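Have a look at the structure below, then the notes.
In this chain, numbering begins with 1 at the start of the sequence shown. All values reported here derive from a predicted model rather than from experimental measurement. Side-chain atoms are counted along with the backbone in the values below, which use heavy atoms only and exclude waters and symmetry mates.
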Amino acid sequence: MTNASVQRFVTLGSFIFWWLTAAWLWDGQRGWAWACLAMPFLLTPLILSMQCLWSAQSNRDDPSPPASLGQWLLAWLAEAWVAGLVFSWWQPFRRLAIADGLHPTPGRRGMVLVHGFFCNRAFWTRWMQQLAAQGRVFVAVDLEPAYGTINNYALLVERAVQQVELATGLPPVIVGHSMGGLAIRAWAAQLPASQGMGRVHRVVTLGTPHHGTAIAATSHTQNGREMRLGSDWLKENASHLPDGFAQKCTCFYSHCDNIVFPASAATLIGADNQHIEGHAHVQLAFSPHIQQACLGLLET
């Protein structure tokens with residue numbers, strides 16, 4: 001099953017289950033029935049609140065700037081909205097709504113977009129809209145199968161890079177969100193020594209667990225285990241990265257990230273590490289500042 005089909009099942013199944021339960025309770029327990037009607041809309045904010053509390057606790061000893069209560073509250077509200085949009089509409093039902101932009105534009109740089117764990121290419125809907133409006137070449141990959149080793153995603157990134165190179169004649173900007181940044185690292189680690197980092201103009205990661213994340217301790221999928229703090233996969237991958245990889249990276253991270261924490265785990269030594277205040281995990285990809293900074297790299 002694809003990520004899109006699983007998310008369709010979860011989204012529709014949640015509404016059907018809770019609303020049928022509400023119908024069953026309606027005559028005798030009206031209060032509980034109303035609660036069941038609201039439940040599909042309340043589950044995501046509830047889960048996010050627990051993640052935010054865990055992240056805030058983890059960040060207490062982190063060198064990143066501390067987040068205020070107000071910043072956490074605004075990040076939680078924003079994440080509830082964008083996560084609902086991404087996981088309950090775009091990804092389940094709009095995966096193919098925007099096609100990759102592969103019209104030949106020699107000499108005009110393109111972009112490769114790499115989503116994170118349990119997502120698909122529709123995650124980048126707003127980015128694809130912007131790139132299409134500018135007539136840019138772009139490819140948004142689907143990282144599947146969903147739960148294999150991150151190493152297997154390297155070939156998908158390579159195919160996307162080849163497509164953009166062929167259409168533009170230039171190395172692309174590669175942007176990865178969350179685990180997508182590790183997929184880019186897996187690709188870079190498998191590059192022939194003769195190519196080095198010449199195949200890419202710039203790598204940008206948004207909330208990528210370069211050093212792992214505490215929340216991955218709850219995951220038992222292979223790629224989830226590979227994202228645990230200080231995992232063997234992270235160490236092995238780091239030992240095979242080509243010279244100059246970190247220097248080609250810009251790493252955006254936030255002290256309000258509810259998935260990758262402690263916050264500094266999303267940074268790389270030697271990279272251009274940029275802290276974005278008050279942004280939760282999915283929200284990072286909705287930041288106008290980050291999006292415009294990445295689009296600006298296409299002009300360099």
Any donor-acceptor N or O pair under 3.5 Å, side chains Thr2, Glu144: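 Side-chain D/A pair, Thr2 to Glu144: absent.
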Side-chain donor-acceptor contact under 3.5 Å, Trp233 with Asn151: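 Short answer, yes.
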Quick one: does [X]'s side chain have a donor or acceptor within less than 3.5 Å of a partner on [Y]'s backbone?
{"X": "Trp76", "Y": "Pro45", "answer": "yes"}
{"X": "Ser239", "Y": "Glu236", "answer": "yes"}
{"X": "Arg109", "Y": "Thr300", "answer": "yes"}
{"X": "Thr149", "Y": "Asn152", "answer": "no"}
{"X": "Asn223", "Y": "Ala146", "answer": "yes"}
{"X": "Asn258", "Y": "Leu48", "answer": "no"}
{"X": "Trp18", "Y": "Leu37", "answer": "no"}
{"X": "Ser231", "Y": "Glu226", "answer": "yes"}

Do [X] and [Y] make a side-chain contact, defined as non-hydrogen atoms from C-beta onward lying under 4.5 Å apart?
{"X": "Arg121", "Y": "Asp100", "answer": "yes"}
{"X": "Met39", "Y": "Phe17", "answer": "no"}
{"X": "Asp62", "Y": "His255", "answer": "no"}
{"X": "Leu182", "Y": "Asn237", "answer": "no"}
{"X": "His289", "Y": "Gln274", "answer": "yes"}

side-chain hydrogen bond (donor to acceptor under 3.5 Å, both in side chains) partners for Ser49, two or more places apart: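 Here no residue qualifies.
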Non-neighbouring partners of Thr21 that pass side-chain hydrogen bond (donor to acceptor under 3.5 Å, both in side chains), sequence neighbours left out: none
Val137/Leu102 under side-chain contact (heavy atoms from CB on, under 4.5 Å): CA gap, chis, key distance, verdict: CA-CA 5 Å; Val137 171; Leu102 287 172; 4.1 Å; yes
Please report the interatomic distance [atom1]([X]) to [atom2]([Y]), rounded to the nearest 0.5 Å.
{"X": "Gln190", "Y": "Leu241", "atom1": "CD", "atom2": "CG", "answer": "11.0 Å"}
{"X": "Cys294", "Y": "Ile174", "atom1": "SG", "atom2": "CD1", "answer": "12.0 Å"}
{"X": "Thr205", "Y": "Phe252", "atom1": "OG1", "atom2": "CZ", "answer": "9.0 Å"}

Shortest non-hydrogen separation from Pro171 to Gly198 and the atoms involved: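 That would be CB-O, 3.8 Å.
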Evaluation steps, side-chain contact (heavy atoms from CB on, under 4.5 Å), between His115 and Leu143: CA-CA 7 Å; His115 65 75; Leu143 299 182; 3.5 Å; yes
Stepwise side-chain contact (heavy atoms from CB on, under 4.5 Å) test for Phe117 and Met227: CA-CA 10 Å; Phe117 184 77; Met227 289 187 284; 4.0 Å; yes
Test salt bridge (Lys or Arg N to Asp or Glu O under 4.0 Å) applied to Arg199 - qualifying residues, sequence neighbours left out: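 For Arg199 the salt bridge (Lys or Arg N to Asp or Glu O under 4.0 Å) partners, ignoring immediate neighbours, are Glu158, Glu165.
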Phe15, CZ atom: more than 12 neighbouring heavy atoms under 6.0 Å: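 Yes, enclosed.
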Within 6.0 Å of CH2 in Trp32, more than 12 heavy atoms from elsewhere: no
Pair Glu299 + Arg202, salt bridge at N-O below 4.0 Å: no
From CA spacing to verdict: side-chain contact (heavy atoms from CB on, under 4.5 Å), Val175, Trp127: CA-CA 11 Å; Val175 182; Trp127 292 64; 4.2 Å; yes
Cluster overlap Val204 with Met179, hydrophobic side-chain contacts below 4.5 Å: no
Leu113-Val282 co-clustered via ILVMFWY side chain contacts under 4.5 Å: yes
For residues 82-99, tabulate all N or O donor-acceptor pairs below 3.5 Å that involve a side-chain atom, not counting sequence neighbours.
residue	atom	partner	partner atom	Å
Gln91	OE1	Asn120	N	3.3
Gln91	NE2	Gln7	OE1	2.9
Arg95	NH1	Asp142	OD2	2.5

Pair Thr267-Ser264, side chain to side chain donor-acceptor pair (under 3.5 Å): steps then yes or no: CA-CA 5 Å; Thr267 65; Ser264 60; 5.3 Å; no
Pairs where residues 177-222 contributes a residue and the test ring pair (Phe, Tyr, Trp, His ring centres under 6.0 Å) is met, not counting sequence neighbours: Phe123-His177, His177-His281
Other cluster members, Ile259 - Ile/Leu/Val/Met/Phe/Trp/Tyr, side-chain contacts below 4.5 Å: Trp54, Ile215, Val260, Phe261
